[in-house]
Amino acid sequence: MIRRTHLHFFLIFTIFNSLSSEAVRAQTVQNPAHLDVDLRDAPKHIFHAKLTLPVTPGPLTLVYPKWIPGEHAPTGPIVDFTGLKIFASGKEIPWLHDDVDMFTFHVDVPGRVNALEISYDYLSPADTSASRESPSTTAKLAVLNWYMVTLYPAGPKTDDLTYVASLRLPQGWKYGTALPVAKESADLIEFTPATLTTVIDSPVVAGAYLRHIDLSPGQMPSHMVHVVADGPAPLEASAVEVQHMRQLVAETGALFGARHYRRYDFLLTLSDRMPSNGVEHHESSDDRTEEDFFTDPASFETSDLLSHEFTHSWNGKYRRPIGLATPDYQTPMKGDLLWVYEGLTQYYGLVLAARSGIMPLNLFRESLASTAASLNDRPGRTWRNLQDTAISAQILYSAPPEGSSWRRGVDYYDEGTLIWLEADTIIRKQTGGKKSLDDFCRAFHGGESTPPKVVPYAFDDVVAALNAIAPFDWSEFFTSRLKSHGPGAPLGGIENSGWKLVFTDILNEFEHIDELSTLALEFQFSLGLLVHASGGDDSGHIFDVIPGSPAANVGLAPGMRLVAVNGRRWSPDILRDAIDRAKNSKDPIELLAENGDFFETYRIDYHGGERYPHLEPVGGKTDLLTEIARTKAPAVPAPTKY
Ligand SMILES: [Zn+2]
């Protein structure tokens, strides 16, 4: 089905591409498109835009970005693209929506017309309940991703299209972006001409409460974090947190040895009105997380958001799998190498968080233990191998959590962590401790510092680069792990680094911090139950039951709602206590659950007690994990002023 759709799509693409080639040629560096975006109504969740596009008379095909870089999926928010009106010499002309591809519009440019004036709006969802894309606005801030407000002529590479962007903000709002600014006045920011690729790669954060923090003062290239929030309090980063973020910049220098950007800007949105998310770019990242990121130490310490997205500047943007290095935003992406793009980034996101001091060593280990235990206990592996999770990326990002242990999700992130840790330990072993995966990164992602550019790679390039660091059968190493149907997850890296996965009745610290916000992950290794812990209607929502587990065996299923434990209203503490007491009792644990309009009591004859994952050192083996997580760059002093 997907193949046929694509075939059809390409056919249309080719026909209109040839028809519109004359019109396309009108747009040049000397005669660029002008994209004027007005965010003054952003608090009303609407972005206005006007595009002035050089054209020549005749048929023209305009497209709205469909495949969004970093999202690895056809997620362009076309449903929220509204108000399209096209004018030629001041007179409105008709457009025709393509009847197969919803991201394509057809126009017939009248004779003697050399530019079209195109106006349209983007409607940002106001809250997170909508099933469409994430909100880009709150009453006090906005994140502008230019793809939301961009049309471009179909056909040429977006590297060959020149756009001059400008931006108007609500009164008093400040902004941050990596897109170079030509000039600005009180109410207008004019950017320097750039390729459409660069414009779309350079989002903007703006808001009434925005603060700039310099992460590499006095050094070139510059590194800034632009923090925007719904009020002033969340902007209060501590001196220690700023030191850790500065150390992160230093650690990437020590790791990669080169940078591939002119400047780097973290666009950090702290809002509880937007879901946490991160999207990478060459010279910036769109980083969104909870309002208490700086003010609750547990939130900052468990976060690999900044280290993960920053790593992508090298691994993902500069070095990119060939199937993801597409010439425009309409060509379908192929995710088969996402276990490198995302998997290696997931590994180094954690490692760099630890090296920079953001994540304390014990949380780094607890996070690894949780990852290893969860993946080790995923029956979905028996039908879907890791390679297929990467190939299926375009559908799995939007998969619901219900049933994910059977469906599998975007497991190439976390399983990538385990596999790259194992690769790291193998390099260390093969070279007698002289080399590590860091040397691979320096060779593969570093080289000479350059402005943003894409150097694509294939599977064999990864294998060759690893062989140059430490000869080994890397092809077989990756292939066997990508094609494995288990049982169990690849835990060799943990074992090689001197640790083993164990279960005790002490809560996993990383999972427990998660529980305090939303999800109780900790019953999955005892009862096999994953439950929403947050209050309100979501409380007790069972979002997964591990097939074959005690909970599954008595008939509990994802989508039900846990109401009571042994006759008393459920809470994570009540359930923990019941599991603990059942250890020394012959009575089953009674769970009352709601399934739609029906209630039923499920009796689980489980007496194994609480089980939470941890890593335990193996006596006599070298502790490589601590060495991997150790700070590598010279220590950056704690700031006194920032
Ligand atoms: Zn990523």
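Both counts, for ligands and for their atoms, begin at 1 and track the order of listing.
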Next item on the list: Classify the ring geometry between Trp474 and Phe477 as parallel (under 30°), tilted (30 to 60°) or perpendicular (over 60°).
Entry: perpendicular

Report yes if the side chains of Leu338 and Thr389 come closer than 4.5 Å at any heavy-atom pair, otherwise no.
-> no

Within the 2.8 Å cut-off the protein N, O or S neighbours of the Zn ion (ligand 1) are His308 NE2, His312 NE2, Glu342 OE1

Task: Check: Gly357 main-chain N/O paired with His244 side-chain donor or acceptor under 3.5 Å - done: yes

task = Flag the pair Glu415 and Arg381 as a salt bridge only when some basic side-chain nitrogen lies within less than 4.0 angstrom of an acidic carboxylate oxygen.
result = yes

Ignoring hydrogens and geometry beyond distance, is a side-chain donor-acceptor pair present between Thr137 and His45 at under 3.5 Å? yes

For the residue pair Trp420 and Phe478, is the inter-centroid distance of their aromatic rings smaller than 6.0 Å? yes

